Each structure stands twice: as C-alpha cells, then as structure tokens.
2 protein chains.
Amino acid sequence: MKKDEKKYDNADECPITVFMDKIGGKWKPVIVWLLLNNGTMRFNELDKAINGITQKMLSQQLKDLEFENIIKRVSYPVIPPKVEYSLTDKGKTLSELLEGIMQWSKTNL
Amino acid sequence: MKKDEKKYDNADECPITVFMDKIGGKWKPVIVWLLLNNGTMRFNELDKAINGITQKMLSQQLKDLEFENIIKRVSYPVIPPKVEYSLTDKGKTLSELLEGIMQWSKTNL
DNA sequence: CTGTATCCCGACCGATACTG
DNA sequence: CAGTATCGGTCGGGATACAG
C-alpha cells in the first residue's frame with residue numbers, strides 16, 4: 001500500500017462495510033432488486049413477491065431503505081390504504097453496481 | 001420485468017444475497033480489502049491492522065474466506081509459527097467490484 | 001391493504017484465558 | 001506467533017396476533 005493511501009483498517013470506516021450495513025442484510029438486496037426490475041410496487045406486491053418474508057420484516061426493511069434515501073414511499077389516503085414504493089434517483093444508481101455483483105456472484109459462487 | 005427474466009423473489013436465490021453472505025459481515029470486507037492492498041499478510045499483521053477484532057473472530061473469518069476460496073493460507077513449519085494469507089485468483093477478481101462499491105459508498109453514503 | 005405489537009429463539013460476536 | 005476453548009450478552013429476525 002502506498003503511504004498516501006487511506007488505510008481502511010477499521011470496520012466502521014471501511015466503505016464496503018458501510019455499504020453492506022446499508023444495502024446488505026437478509027432482505028434489502030431482494031427488495032432493491034425487485035424495485036429495480038419492476039419500478040413501482042405496492043406493499044402487498046412486495047410481500048407476495050418475496051418468499052418467506054413477514055410483514056414485520058418487510059415493513060422494517062422498507063423503513064430502513066427509505067431512511068437511507070434508497071427508496072421512496074408514496075401513500076395514498078384512500079380506503080383501503082394504498083402505498084407505493086419505488087427507487088429514488090440515488091437508489092437507481094445502484095443498478096450497475098448490483099449488476100456487477102450479480103455477474104461476479106454467478107460466475108464465482 | 002420481461003417475462004423471460006429470472007425473478008429473484010427469494011432471498012436464498014438472489015445472487016446479491018449470496019454475495020453478501022460470503023463476502024459480507026462485520027470483518028470480511030476489511031480483510032479482503034487489506035489483502036488486496038498489501039498482498040501477503042501474516043496473522044499478526046492482520047490482527048494489528050484491524051481495529052477491534054479479536055483473535056477468535058479473525059481466525060474464524062479467515063477460515064470462512066479460505067473455505068470460499070477467496071483467500072489462500074500458507075503455513076510455514078517453523079518456530080515460532082508463521083502463517084501467511086493472501087488472495088487467490090478468485091479473490092483478486094473482487095478488486096474491481098470492491099472498487100466500485102467503494103466509489104458508490106463514498107459518493108452516496 | 002398496510003401496517004404494529006409482543007414474545008422469543010438462536011446466531012453472531014466480544015472478553016478472557018489458555019495452548020503448541 | 002498463531003491460534004483454540006469457554007462463557008455469556010446482544011440483536012436480528014421469525015411466529016403470531018392485532019389495529020387503523
């Protein structure tokens with residue numbers, strides 16, 4: 001390592017670790033991936049699309065992603081309730097990255 | 001989504017999730033990153049380089065990465081013991097990907 | 001339909017001590 | 001130097017029920 005290079009010797013500082021914390025976990029990648037492919041999806045659609053997830057977990061992960069400004073939540077004040085989730089511009093910039101990860105993953109894992 | 005596209009609706013099948021499981025976690029990214037930058041490192045060097053990690057965790061994570069064939073372990077039968085860790089060819093292919101993640105992470109998080 | 005509220009378990013991880 | 005052994009705490013995440 002050149003001496004003027006930043007040394008990511010601490011897990012908390014490592015950008016990759018930060019990334020894993022934000023986008024990683026058991027469900028977040030699938031959610032982002034689905035929204036990337038489908039554009040806008042409702043809560044119930046995501047629930048049905050993701051095998052094995054509970055409403056609690058879905059709700060929680062969506063909140064996390066919204067907080068990180070990766071996804072956007074739009075709630076329509078109608079009865080029955082209707083809420084649509086989609087990626088923000090920031091979320092969409094993940095596209096290439098995720099595509100790269102997928103390629104590597106499929107080739108090497 | 002086009003109908004001939006694979007639907008990654010299950011966390012276990014999602015390549016990104018698989019990737020996170022293998023390379024993710026609290027310490028693995030930092031380890032891979034250090035080896036990417038430094039080439040070969042000894043157990044003790046890694047231990048000192050990574051802030052806050054315990055020997056137990058380091059040992060465990062190294063074993064995982066070795067099992068995934070991401071890193072290579074070479075043990076010299078000398079006293080005191082000397083063990084060197086480095087990336088495999090497969091591990092080195094992570095370089096671009098991690099670089100991409102780092103760039104995104106630094107710009108967006 | 002879109003969520004919350006509880007309860008609970010097991011994996012992950014840290015601290016510490018010990019070994020070849 | 002390079003690990004292993006043990007103990008224990010925290011927390012993500014699952015099951016289920018309930019609410020607006």
Side-chain angles (χ1 to χ4, degrees), chain A residues 9-14 17-32 34-35 38 40-68 71-86, chain B residues 9-14 16-31 34-35 38 40-68 71-86:
Chain A
D9 57 356
N10 185 309
D12 297 334
E13 293 175 12
C14 177
T17 299
V18 175
F19 177 85
M20 301 284 185
D21 284 349
K22 307 297 186 190
I23 323 291
K26 185 165 181 182
W27 304 111
K28 293 203 192 79
V30 207
I31 295 173
V32 174
L34 282 172
L35 292 178
N38 297 340
T40 298
M41 294 181 77
R42 299 183 58 172
F43 186 89
N44 207 29
E45 288 181 308
L46 286 165
D47 196 12
K48 281 183 292 185
I50 304 174
N51 206 327
I53 199 172
T54 60
Q55 291 181 321
K56 173 192 167 187
M57 289 315 297
L58 179 55
S59 166
Q60 197 171 99
Q61 304 300 304
L62 287 171
K63 266 184 190 163
D64 288 352
L65 289 170
E66 192 191 357
F67 180 78
E68 296 298 335
I71 69 173
K72 185 170 37 190
R73 193 189 105 112
V74 180
S75 169
Y76 298 91
V78 296
I79 297 193
K82 174 177 172 181
V83 180
E84 289 183 338
Y85 293 94
S86 57
Chain B
D9 56 356
N10 184 310
D12 297 334
E13 293 176 13
C14 177
I16 302 166
T17 300
V18 176
F19 177 84
M20 300 286 186
D21 284 349
K22 307 297 187 190
I23 322 291
K26 186 165 182 183
W27 304 112
K28 292 203 191 78
V30 206
I31 295 174
L34 281 172
L35 292 178
N38 297 339
T40 297
M41 293 181 79
R42 301 182 56 172
F43 186 89
N44 208 30
E45 288 181 309
L46 286 164
D47 195 12
K48 280 182 294 185
I50 304 174
N51 207 326
I53 198 172
T54 60
Q55 290 180 321
K56 174 191 165 186
M57 290 314 297
L58 180 55
S59 165
Q60 198 172 98
Q61 305 298 305
L62 288 171
K63 268 184 191 164
D64 288 352
L65 289 170
E66 192 191 358
F67 179 78
E68 297 297 336
I71 68 173
K72 186 170 36 192
R73 193 190 105 110
V74 180
S75 168
Y76 299 90
V78 295
I79 297 191
K82 175 177 173 182
V83 180
E84 288 183 340
Y85 294 92
S86 57

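Because the structure is a prediction, the values reported are computed rather than measured. Here is how names work: the chains are called A, B, and so on, in the same order as the sequence lines, proteins then strands, and each is numbered from 1.
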Nearest-Å distance for atom pair NZ/C1', residues A:K48 and C:dC1: 10 Å
Could you check whether B:Y85 gets within reach of a base, just the sugar-phosphate, or nothing at all, counting any heavy atom under 4.0 Å? sugar-phosphate
At their closest point, which heavy atom of A:K22 faces which heavy atom of A:K28, and how far apart are they? O-CD, 3.1 Å
Which atom pair, heavy atoms only, marks the closest approach of B:P29 to B:G24? CD-O, 3.8 Å
Quick one: is A:R42 getting a side-chain N or O under 4.0 Å of the C:dC1 phosphate, OP1 or OP2? no
Return the value, rounded to whole Å, for the distance between atom CD of B:E45 and atom C1' of D:dG3. 16 Å
Set out, line by line, the N/O atom pairs under 3.5 Å between protein and nucleotides 12-16 of chain C.
residue	atom	partner	partner atom	Å
C:dG14	OP1	B:K26	NZ	2.5
C:dG14	OP2	B:W27	NE1	3.3
C:dG14	O6	B:K56	NZ	2.1

Under 4.0 Å between a side-chain N or O of A:S75 and OP1 or OP2 of C:dT2? no
For B:L34 and B:I50, which heavy atoms make the closest approach, and how far apart are they? CD1-CG1, 3.5 Å
What are the two closest non-hydrogen atoms of A:K26 and A:V30, and how far apart are they? O-CG2, 4.1 Å
Is any side-chain N or O of A:K28 closer than 4.0 Å to OP1 or OP2 of D:dG13? no
A:M41 and A:E45: which non-hydrogen atoms are nearest, and at how many Å? CA-OE1, 3.3 Å
All heavy atoms of B:F43 vs all of B:L58, minimum pair found to be O-CD2, 3.6 Å
Would you mind reading off the distance between B:I31 atom CD1 and D:dA2 atom P, rounded to a whole angstrom? 14 Å
Let me know the distance between NZ of A:K63 and P of D:dG12, rounded to the nearest Å. 15 Å
Whole-Å gap separating P (D:dG14) and CG (A:D47): 13 Å
dist A:C14:SG -> B:N51:CG (nearest 0.5 Å) comes out at 13.0 Å
What is the distance, to the nearest angstrom, from the CG atom on A:D64 to the C1' atom on D:dC11? 14 Å
Length of the CD1-C1' vector between A:I50 and C:dG3, whole Å: 15 Å
Rounded to the Å, how far apart are B:M41 CE and D:dA2 C1'? 15 Å
